[in-house]
K.L.:
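Take a look at this one; I'll ask things after.
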Amino acid sequence: VEFNTLTCVTRQSPDEAVEVYDFLKGQGVKFMQFIPIVERAGDRAAHAVGLDLAAPPDLRAVDNSGTMMPWAVSPEGFGQFLCKVFDEWVKEDVGQVFVNIFDVALGAWCGQEPNLCTFARRCGKAVALEHDGSVYSCDHFVYPAYFLGNIMGKSLEEMLYSPEQVAFGNDKWEALPAVCRACEFLFACNGECPKHRFINAPDGEPGLNYLCAGYKTFFKHIDPKMKAMAGLVQKGRPAADIMKEVPAPVAAERVSGVGRNDRCPCGSGKKFKKCCGK
């Protein structure tokens with residue numbers, strides 16, 4: 001049975017990124033998702049409906065960031081986590097292990113609009129259906145203000161294409177801050193998930209993504225490799241051919257003190273004895 005794993009990325013995860021990735025690979029996981037845990041402390045709107053976490057952000061409200069929970073990943077930490085995992089993946093796992101954010105990014109670098117709602121220009125087609133038949137705009141927005149109706153009284157089509165839900169999906173793009181529209185990575189990010197868009201841009205405009213700094217770090221880091229893989233795909237070759245690039249052997253002065261089973265300092269990802277140690 002094919003399966004995929006969903007791994008929560010918390011404040012401590014960036015220091016353990018390689019360990020996490022190696023563990024999942026060791027369990028035979030071929031399909032991975034990494035979900036940033038971004039949670040704000042509860043506010044009055046949340047307490048009113050019996051929840052301890054903050055209500056979803058208003059994309060047009062000024063600074064509704066609030067206080068972050070102690071386990072929430074930092075923007076910089078999430079970027080570091082993704083960079084470390086990507087560096088492990090691109091060495092020997094392209095075409096063998098599938099990480100959804102890397103797959104979506106490669107599609108974007110190939111000129112496709114991201115097909116994952118998180119990075120798509122507009123959203124709104126992934127509603128949440130509760131056990132009692134209640135339908136909400138998204139599983140991140142299960143609040144009274146985003147209630148669309150009940151499946152016992154309305155068709156799913158009627159709720160998905162209601163004016164309220166269409167407006168919800170369009171707001172992802174329409175409320176995007178100017179700083180995002182001018183960003184070099186807009187094609188890959190599109191402001192990311194509205195759930196995370198609760199801080200102000202440098203010019204004070206609301207609706208900037210809390211994880212923006214981390215995503216910029218990540219996209220800048222993968223840009224050279226993504227361009228290379230996109231070039232391979234456009235030539236009809238598999239993206240995995242990027243792994244055929246053989247690193248140059250390391251200089252003798254760099255191998256002093258390296259154990260046989262240590263990772264090779266050339267950056268190949270292989271053990272020293274199976275790489276430059278030969």
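Keep in mind that what you see is a predicted model, and the values were worked out from it rather than measured.
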K.L.:
Identify the two heavy atoms, one from Val104 and one from Pro114, that lie closest to each other, and give their separation to 0.1 Å.
P.N.:
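Val104 and Pro114 have their closest heavy atoms at CG1-CB, 3.7 Å.
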
K.L.:
Are Asp93 and Lys25 side-chain neighbours, meaning at least one heavy-atom pair lies under 4.5 Å?
P.N.:
yes

K.L.:
Test your reading of the model: is there a side-chain donor-acceptor pair from Asn150 to the backbone of Asp132, 3.5 Å cut-off?
P.N.:
yes

K.L.:
How long is the gap from CG on Asn100 to CZ on Phe34, to the nearest 0.5 Å?
P.N.:
9.0 Å

K.L.:
Would you give the length of the straight line joining atom NZ of Lys30 to atom CD of Gln96, rounded to the nearest 0.5 angstrom?
P.N.:
6.0 Å

K.L.:
Distance from Leu208 atom CG to His196 atom NE2, nearest 0.5 Å?
P.N.:
13.0 Å

K.L.:
Any chance you could measure Asn190, atom CG, to Cys117, atom SG, to the nearest 0.5 Å?
P.N.:
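The distance works out to 12.0 Å.
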
K.L.:
Assess whether salt bridge (Lys or Arg N to Asp or Glu O under 4.0 Å) is satisfied between Asp87 and Lys91, documenting all intermediate values.
P.N.:
CA-CA 7 Å; Asp87 287 347; Lys91 289 174 186 175; over 6 Å; no

K.L.:
Of Phe147, Tyr146, Phe168, which meets ring-ring contact (aromatic ring centres under 6.0 Å, His included) against Tyr136?
P.N.:
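Of the listed options, the one satisfying the test is Phe147.
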
K.L.:
Tell me the closest heavy-atom pair linking Thr7 and Val20, and the distance in Å.
P.N.:
CG2-CG1, 4.1 Å

K.L.:
Between Ser162 and Leu148, is a side-chain contact (heavy atoms from CB on, under 4.5 Å) present by the stated rule, with each step listed?
P.N.:
CA-CA 8 Å; Ser162 66; Leu148 299 175; 4.2 Å; yes

K.L.:
Please verify the inter-ring angle class for Phe185 with Phe187; under 30° counts as parallel, over 60° as perpendicular, anything in between as tilted.
P.N.:
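Phe185 and Phe187: tilted rings.
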
K.L.:
Apply salt bridge (Lys or Arg N to Asp or Glu O under 4.0 Å) to the pair Lys216 and Glu184, showing each step before the final yes or no.
P.N.:
CA-CA 9 Å; Lys216 279 188 175 179; Glu184 61 181 312; over 6 Å; no

K.L.:
Same hydrophobic cluster for Phe23 and Phe31, using side-chain heavy-atom links shorter than 4.5 Å among ILVMFWY?
P.N.:
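No, because Phe23 and Phe31 fall into different hydrophobic clusters, even though each may have its own neighbours under 4.5 Å.
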
K.L.:
Between Lys125 and Leu160, is the side-chain contact (heavy atoms from CB on, under 4.5 Å) condition met? List the steps.
P.N.:
CA-CA 7 Å; Lys125 298 298 170 60; Leu160 274 171; 4.3 Å; yes

K.L.:
Kindly determine whether Thr118 and Glu192 satisfy side-chain hydrogen bond (donor to acceptor under 3.5 Å, both in side chains), including the steps that lead there.
P.N.:
CA-CA 5 Å; Thr118 305; Glu192 210 248 1; 5.3 Å; no

K.L.:
Distance check, rounded to the nearest 0.5 Å: Thr5 atom OG1 versus Gln33 atom CD?
P.N.:
8.0 Å

K.L.:
For a 4.5 angstrom cut-off between non-hydrogen side-chain atoms, does Tyr215 reach Ile101?
P.N.:
yes

K.L.:
Would you name the heavy atoms of Pro14 and Gly77 that are closest together and state the gap between them?
P.N.:
CG-O, 3.1 Å

K.L.:
Does Ala128 offer a backbone N or O that forms a donor-acceptor pair with the side chain of Asp139 under 3.5 Å?
P.N.:
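No; judged by distance alone, with no hydrogens or angles, the pair does not exist.
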
K.L.:
Does the side-chain contact (heavy atoms from CB on, under 4.5 Å) test come out yes or no for Asn4 and Val29, once each step is laid out?
P.N.:
CA-CA 7 Å; Asn4 77 296; Val29 178; over 6 Å; no

K.L.:
Indicate if Val85 and Met243 have the same hydrophobic cluster label, given that clusters are the connected sets of ILVMFWY residues with side-chain heavy-atom separations under 4.5 angstrom.
P.N.:
yes

K.L.:
Using a 3.5 Å distance criterion without hydrogens, assess whether the side chain of Trp71 forms a donor-acceptor pair with backbone atoms of Ile37.
P.N.:
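Between the backbone of Ile37 and the side chain of Trp71 there is no qualifying donor-acceptor contact (under 3.5 Å).
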
K.L.:
Taking everything shown except Gln234 itself, do over 12 heavy atoms lie less than 6.0 Å from its CD?
P.N.:
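More than 12 heavy atoms, drawn from other residues, nucleotides or ligands, come within 6.0 Å of this atom.
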
K.L.:
Might you work through the side-chain contact (heavy atoms from CB on, under 4.5 Å) test for Thr10 and Val73, ending with a clear yes or no?
P.N.:
CA-CA 5 Å; Thr10 64; Val73 67; 5.6 Å; no

K.L.:
May I ask whether Tyr143 and Val135 are part of the same hydrophobic cluster, defined by side-chain heavy atoms of I, L, V, M, F, W, Y residues being less than 4.5 angstrom apart, directly or through others?
P.N.:
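Per the 4.5 Å side-chain linkage, Tyr143 and Val135 are not co-clustered.
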
K.L.:
Any idea which heavy atoms bring Asn209 and Gly191 closest together, and the distance?
P.N.:
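What the structure gives for the nearest pair is ND2-O, 2.9 Å.
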
K.L.:
Decide yes or no for Ile242 and Leu232: does some side-chain heavy atom of the first lie under 4.5 Å from some side-chain heavy atom of the second?
P.N.:
yes

K.L.:
Calculate, to the nearest 0.5 Å, the distance between atoms SG and CG belonging to Cys193 and Leu116 respectively.
P.N.:
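Interatomic distance, Cys193 SG to Leu116 CG, rounded to 0.5 Å: 9.5 Å.
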
K.L.:
Donor-acceptor pair, Glu88 side chain versus Tyr21 backbone, under 3.5 Å?
P.N.:
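Checking the backbone N and O of Tyr21 against the side chain of Glu88, no donor-acceptor pair under 3.5 Å is found.
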
K.L.:
For Pro70, is there any backbone N or O sitting under 3.5 Å from a side-chain donor or acceptor partner on Arg11?
P.N.:
yes

K.L.:
In terms of ring plane angle, is the pair Phe86 and His221 parallel, tilted or perpendicular, where the classes change at 30° and 60°?
P.N.:
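Ring orientation of Phe86 relative to His221: perpendicular.
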
K.L.:
Looking at side-chain heavy atoms only, is the closest gap between Val99 and Leu82 below 4.5 Å?
P.N.:
no

K.L.:
Do Trp109 and Val233 sit in the same hydrophobic cluster, where Ile, Leu, Val, Met, Phe, Trp and Tyr count as joined when their side-chain heavy atoms come under 4.5 Å apart?
P.N.:
no

K.L.:
Taking all heavy atoms of Glu39 and all of Met68, pick out the closest pair and write down the distance.
P.N.:
O-CE, 3.4 Å

K.L.:
Is there a path of hydrophobic side-chain contacts, each under 4.5 Å between heavy atoms, that joins Met32 and Phe98?
P.N.:
no

K.L.:
Take Phe218 and Phe81 through the ring-ring contact (aromatic ring centres under 6.0 Å, His included) test and state the conclusion after the steps.
P.N.:
CA-CA 9 Å; Phe218 171 61; Phe81 180 90; over 10 Å; no

K.L.:
Quick one: does Arg181's side chain have a donor or acceptor within less than 3.5 Å of a partner on Leu176's backbone?
P.N.:
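The answer is yes, because a donor-acceptor pair under 3.5 Å joins these two groups.
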
K.L.:
Does Gln165 use its side chain to pair, donor to acceptor, with the backbone of Gly124 at less than 3.5 Å?
P.N.:
yes

K.L.:
Is the shortest side-chain heavy-atom distance between Pro36 and Tyr210 below 4.5 Å?
P.N.:
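They are not in side-chain contact.
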
K.L.:
How close do Leu6 and Ile35 get, heavy atom to heavy atom, and via which atoms?
P.N.:
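Scanning both residues, the minimum pair turns out to be CD2-CG1, 3.3 Å.
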
K.L.:
Using modelled atom types and a 3.5 Å cut-off, is there a donor and acceptor pairing between side-chain atoms of Arg197 and backbone atoms of Lys172?
P.N.:
yes

